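Chain letters run A, B, ... following the sequence lines, proteins first, then strands; residues in each count from 1. Computation of the quantities below employed the complete heavy-atom set of this structure, encompassing side-chain atoms and omitting hydrogens, waters and symmetry-equivalent molecules. Predicted model only: the values in this text are computed from it and were never measured.
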4 protein chains.
Amino acid sequence: MAGMRTNVRSEAGAEHRLAERIRGAAAWLFAERGFHGTGMRLIAEEAGVSVGALYHYFRSKDEVFLAVLREEYEGLLAAAQGLWREGLPASEVVRRVVELHFSAVAAGHPSGRLLALAWTGIPNPLRPQILALREEYAQCIADLLAEAMGRGEIRPAHPLLTAYALLGLVEAVTARALGDDRVADELRRVGPAEVAELAWRALRPEEG
Amino acid sequence: MAGMRTNVRSEAGAEHRLAERIRGAAAWLFAERGFHGTGMRLIAEEAGVSVGALYHYFRSKDEVFLAVLREEYEGLLAAAQGLWREGLPASEVVRRVVELHFSAVAAGHPSGRLLALAWTGIPNPLRPQILALREEYAQCIADLLAEAMGRGEIRPAHPLLTAYALLGLVEAVTARALGDDRVADELRRVGPAEVAELAWRALRPEEG
Amino acid sequence: MAGMRTNVRSEAGAEHRLAERIRGAAAWLFAERGFHGTGMRLIAEEAGVSVGALYHYFRSKDEVFLAVLREEYEGLLAAAQGLWREGLPASEVVRRVVELHFSAVAAGHPSGRLLALAWTGIPNPLRPQILALREEYAQCIADLLAEAMGRGEIRPAHPLLTAYALLGLVEAVTARALGDDRVADELRRVGPAEVAELAWRALRPEEG
Amino acid sequence: MAGMRTNVRSEAGAEHRLAERIRGAAAWLFAERGFHGTGMRLIAEEAGVSVGALYHYFRSKDEVFLAVLREEYEGLLAAAQGLWREGLPASEVVRRVVELHFSAVAAGHPSGRLLALAWTGIPNPLRPQILALREEYAQCIADLLAEAMGRGEIRPAHPLLTAYALLGLVEAVTARALGDDRVADELRRVGPAEVAELAWRALRPEEG
DNA sequence: TATGAATGAGAGTTCATTCAT
DNA sequence: GATGAATGAACTCTCATTCAT
């Protein structure tokens, strides 16, 4: 995995306990209420700290959001890379990564909503940074895909484009599965298998 | 036709000329700056009307956004349904619909960003309506898919899930293709063919 | 009744039918919703005319309010003067005028609320005119009182001050009687007799 | 300075100093310009604070108004109850309370106009609260009256109705006395005695 | 470190009024 | 006469951010 970018993981976890509390509270709130629906005061209350403390650990609201997002991407990427390194066949990796996304939704983790939130509906000075973060993640996926293409495990295609396509595919279905209506229930049930099937068919080499 | 009232139609047009200007300006701004980044004053300026005029034609900012979005979805849906009714084979319909999305991006239409914007990053009282709109569109696509499945043109799968998956797949790539960097250029060039290929492989019947 | 001002009744009734409709609708709305709670659009709708028509018959919203108020005062004043001219004893006039106020409340006429509204809670450029109107009415009452004092029917006192005092006394109780709770019911029942008693005791000559 | 903490006490004062400044400025402005004529920006400017500070101490404009009004009522009520508790005869209490109202007017206190403002010309969601406040005040007066009736100091009558009648009587005259014309001057001079006389005659027992 | 009172620009929305038809 | 589309200033309220303590 020579060319793989790893600087998504920029900071170690043990920065400070308050910073961690803030990030955790913010992740939930951003996922639940969106970027603009989440005020700094609310984050402070939810984290059990003062507003001043927020600005002690983060330069601005934008930075809080970026930090939250960075952590989410880190987690997903680490999981995907771990599966890959286990030497599993590509079809199995795809299946498990899709399952990962759905189980996060089922467990109520904020990831699902957050990643959807991440690349749109964000004010302008922040958008380029978010897109860069997303690009970094997509590029990592693309690197994995390219490697698998080289080994003939998946068919040749534009790696970065394929990475974005897979991200969009999974996110769109998990986002719909977040609701609490009958359809969402159904998607949570059949989603992992169906989405993995769609993804794998899109990727598998000609003689499948 | 003696009693034909042609001015019903022409008046209807004149009545809504400002509404049309407003919708057009709003579509651009929402796509460019997001929902919260676009103020009513800005829409008014861009449309060349007063703030009051906005509220003459739309009850609220939310309604402006919904109107914009409704038009975008209707346009896309009409195009897709048109292709379907022409009796083209499913693979060809998929190819052309994907092309449609990309040509909207190339032509600078706001659709690409707008549809991505539509289902996230939106304040809470508005979100359910947006999701319903998106669901309506997805359901139409799902109906087309189900019909094609019945005819054996595409493989059996969960229609609504597949519709969301396709939407997400296309939107994620077109969204990335909106930028003005080298990668975006490349995606605009290879995107239509590559995305259509991905989509068709995900859909085609087993011996397709 | 030599010095009695009569220019409260400035215009004859037969001005225009639309103007009458507007005034009637406005009286209800102002009484029900207050000056600021009543928009020109609402008045127009309630009167069944266009907004333009309002400005055809009245120079401004302020003028509508003044016209409404002038009519209310005219009605009350005419009734009081009529009773006086009938040659009834002062105690009887007081009793009947008080009854008049209460029966307007019971009948749901806007007068009660309007007169209370009239001299306060009104924007600044309009207030002096309202106060002048009220003063004119109070001065008419004061003239009647002065005349009765001259005849020894009521005790000597400052006529204008007494007029304001009586107005305030009656308005405060009728205003409270406007509600739909138990206390308001009770006040509507016992109010006329009790208020007339209070007023007459305040006015009657020393030897009862 | 030897560690002396004098700022504990001054800080406690300072905590509410702004709230006090705001209330004071608002009282003046509401009295002078009415509820709708007084914007939050104006209150902020007059109080020498920012708009944000207004919302730091009060939840809304309505709350500012209620706070102002509550204080006015409390002041008047405390004074009236104090006089009563001194064991003065009822006629003397009436005289002094009336004087109190007039001296507030003479001193330029906003009370006079404010109390008149309080129960009318107020937007709908706020009106019930204002009326409840006024009722509370009226009920206290009514209790004092009922007690005096029990002792035979004033004649039997409906206590609450009488309380409202007295309030209205005094307010109407003091409101007229607020102006700066010749009549207002005269009312400020003769008002206390004349109004007390009117009130006492309305209340005194038969052989008083 | 840590606090939260204080700021003020800017948000969405209303509404009396005008004027071309 | 009569209309109602169009205007824009002014409104209440929010919220990211600062700073004296």
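Minimum atom distance to the side chain of K61(B) is reached by dT13(E), of the listed dT13(E), dT17(F), dC15(E). Closest to the side chain of A53(C), from the set dT3(F), dT7(F), dC11(F), is dT3(F). Listed candidates were dC15(F), dC13(F), dA2(F). Nearest to the side chain of R41(D) is dC13(F). Proximity note for V51(B) (side chain, C-beta onward) versus dT1(E), dT13(E), dT17(F): the nearest is dT13(E). Residue M40(C) has its side chain nearest to dA16(E) when only dT17(F), dA10(F), dA16(E) are considered. Picking from dG1(F), dT13(E), dC15(F) the nucleotide with the shortest atom distance to the side chain of H56(C) gives dG1(F). Out of dG8(E), dA2(E), dA5(F), the shortest distance to the side chain of S50(D) is found at dG8(E).
Under the Watson-Crick or G-U wobble criterion, with both distances below 3.5 Å, dT21(F) is paired with dA2(E). Remark: dC15(F) base-pairs with dG8(E); criterion is Watson-Crick or G-U wobble with both hydrogen-bond distances under 3.5 Å.
A donor-acceptor pair is defined here as one N or O able to donate and one able to accept, closer than 3.5 Å; no such pair exists between the side chain of R23(C) and the backbone of V68(C). Not one N or O on the side chain of K61(C) forms a donor-acceptor pair closer than 3.5 Å with the backbone of H36(C). Panel note: side chain R33(D), backbone T38(D); no donor-acceptor pair is recorded below 3.5 Å.
Rounded to whole Å, atom C1' of dT3(F) lies 12 Å from atom CG of L54(C). Distance CG (D62(B)) to C1' (dA11(E)): 13 Å, rounded to an integer number of Å. If you measure from atom CD1 of I22(B) to atom C1' of dT7(F), you get 12 Å, rounded to the nearest angstrom. Atom NE2 in H36(B) sits roughly 14 Å away from atom C1' in dA16(F) (whole-Å rounding). In this structure, the CZ atom of R17(A) is 16 Å from the C1' atom of dA2(E), given to the nearest Å. If you take CG of L18(B) and P of dG4(F), they are 17 Å apart, rounded to a whole angstrom. Rounded to whole angstrom, the span from the CG atom of L42(A) across to the C1' atom of dG4(E) amounts to 16 Å. Between R21(A) atom CZ and dA2(E) atom P the separation is 11 Å, expressed in whole Å.
The shortest distance between the side-chain N/O atoms of Y55(C) and the OP1/OP2 oxygens of dT3(F) is not below 4.0 Å.
Residue V49(B) is the one, among V49(B) and R59(D), whose nearest nucleotide of DNA chain F lies closer to the 5' end (criterion: closest heavy atom). With DNA chain F read from its 5' end, the first of the two nearest nucleotides for T38(D) and G52(B) is the one closest to G52(B). Residue order along DNA chain E, read from the 5' end via each residue's closest nucleotide, puts G48(A) first among G48(A) and S60(C).
Contact annotation for G39(D): backbone-only contact, meaning every heavy-atom pair under 4.0 Å involves sugar-phosphate atoms and none involves a base.
Taking the six-membered ring where tryptophan is involved, the planes of F30(B) and F65(B) are perpendicular, since the angle between them exceeds 60° and thus also 30°.
Atom CD of E136(D) is surrounded by 12 or fewer heavy atoms from other residues, nucleotides or ligands within 6.0 Å.
The two residues S60(C) and Y55(C) make their nearest non-hydrogen contact at CA-CE2, 4.2 Å.
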